[in-house]
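Read the structure below first, then the notes.
The first residue of the sequence shown is numbered 1, and numbering continues consecutively from there. Because only heavy atoms are used, hydrogens play no part in the values below, and waters and symmetry mates are left out as well, while side chains stay in.
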Amino acid sequence: KYTCVCGDQQSTASLKIQAVPVFFKKELQNEEAQEGSTATLRCELTKTDATITWKKGSTVLQPSDKHEMRQKGTFAELVIQNLKAEDAGNYTCDTGTQQSTASLTVHDKVVKALIEDRESVEEETVSQHCEFTKAEPPVEEKKPEVVPGAVFELKQEEPDVTIVKGLKDVTVFADENVLFQCEVSNENAQGIQWKLQDIVLQSNDVNE
C-alpha cells in the first residue's frame, strides 16, 4: 500500500502487479507423418520460458518416452516418438490465458519390403514375397501371362507420392533470401514442380 500524508490527513491506495499475459507469435501448424516416424509440433510465444501445458484433446500430456516437451527461448515444441494410428488427433499448447491447437495426421505404413526382380527358365517354379507392417493389408495380386521363352518381371507398383509436411508461411525483409521446404513420402519422387501463382518456376539466379 502507498500513502500520501498531508498534515493530519492521509490517503492510501494499493498497487497490484499482474504478470504480462503470454501470447502466440506463431501458432501451431497441422502436421502429417507416417507410422513409426517422429512428429514435432512447434509454436513461438511472446515470453521466454513461459509456463505452458500440452494437451491431446482434453488430456494433459506428461513427459515420457512417447512425448518430449522442449522449450528454448520463446520457442516451444512437443515431440511425439514412434507414431501409431492412435496418436492422430488434435494437440493444444495452453499458456493459461491463450491456446493454440493443431491436428496431427498419421498415415499407414504398409509395405516394408518390395518384390524383387527375378529371372527363371520355362517350367521352373518362381517364388516371390513382400513384407508388410500390418496383418492382412489390402493387396491386389497381378500375374503376367507366361509365354515360352519370354522374360518377365513381377513388380509391385510404387505407392502414390503424398506431401507429408506442407509449406509454411514465411515473412522476410526485402532483399533477404527465403527458403521454402516441404516433405514428400518418397525421397526419390519425380516430377515435383514449384510454382508462383500458376507460373512454373525454373532453376536460375533467383530460384534454386
State, yes or no, whether a side-chain contact exists between [X] and [Y] at a heavy-atom distance under 4.5 Å.
X	Y	answer
V106	Q34	no
W54	D94	no
T46	T74	no
L61	K55	no

Can you give me the closest heavy-atom contact between [X] and [Y], atom names plus distance?
X	Y	value
Q98	F23	NE2-CE2, 3.6 Å
I52	T95	CG2-CG2, 4.1 Å
L28	C43	CD2-CB, 3.7 Å
A50	Q71	O-NE2, 2.9 Å

> After noting the C-alpha distance and the side-chain angles of S103 and N90, does the key distance pass the side chain to side chain donor-acceptor pair (under 3.5 Å) rule?
Replying inline: CA-CA 4 Å; S103 66; N90 292 328; 4.6 Å; no

> Picking from V60, T101, T53, L41, what satisfies side chain to side chain contact (heavy atoms under 4.5 Å, CB included) with T92?
Replying inline: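 The residue from V60, T101, T53, L41 that satisfies side chain to side chain contact (heavy atoms under 4.5 Å, CB included) with T92 turns out to be T101.
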
> Of R70, H67, E68, which meets side chain to side chain contact (heavy atoms under 4.5 Å, CB included) against L78?
Replying inline: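 Looking at R70, H67, E68, the match for L78 under the side chain to side chain contact (heavy atoms under 4.5 Å, CB included) is H67.
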
Looking at [atom1] of [X] and [atom2] of [Y], how far apart are the two atoms once the value is rounded to the nearest 0.5 Å?
X	Y	atom1	atom2	value
Y91	E31	OH	CD	12.0 Å
K25	K47	NZ	NZ	14.5 Å
K84	E35	NZ	CD	9.5 Å

> Does the side chain to side chain donor-acceptor pair (under 3.5 Å) test come out yes or no for E32 and H107, once each step is laid out?
Replying inline: CA-CA 7 Å; E32 297 183 10; H107 296 287; 3.0 Å; yes

>> Quick one, T38 with N82, criterion side-chain contact (heavy atoms from CB on, under 4.5 Å). Give me CA distance, side-chain angles, the key distance, then yes/no.
In response: CA-CA 6 Å; T38 298; N82 191 21; over 6 Å; no

>> Take a 6.0 Å sphere around NZ of K66 and say whether it holds more than 12 heavy atoms from other residues, nucleotides or ligands.
In response: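 For K66, atom NZ is crowded (more than 12 foreign heavy atoms under 6.0 Å).
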
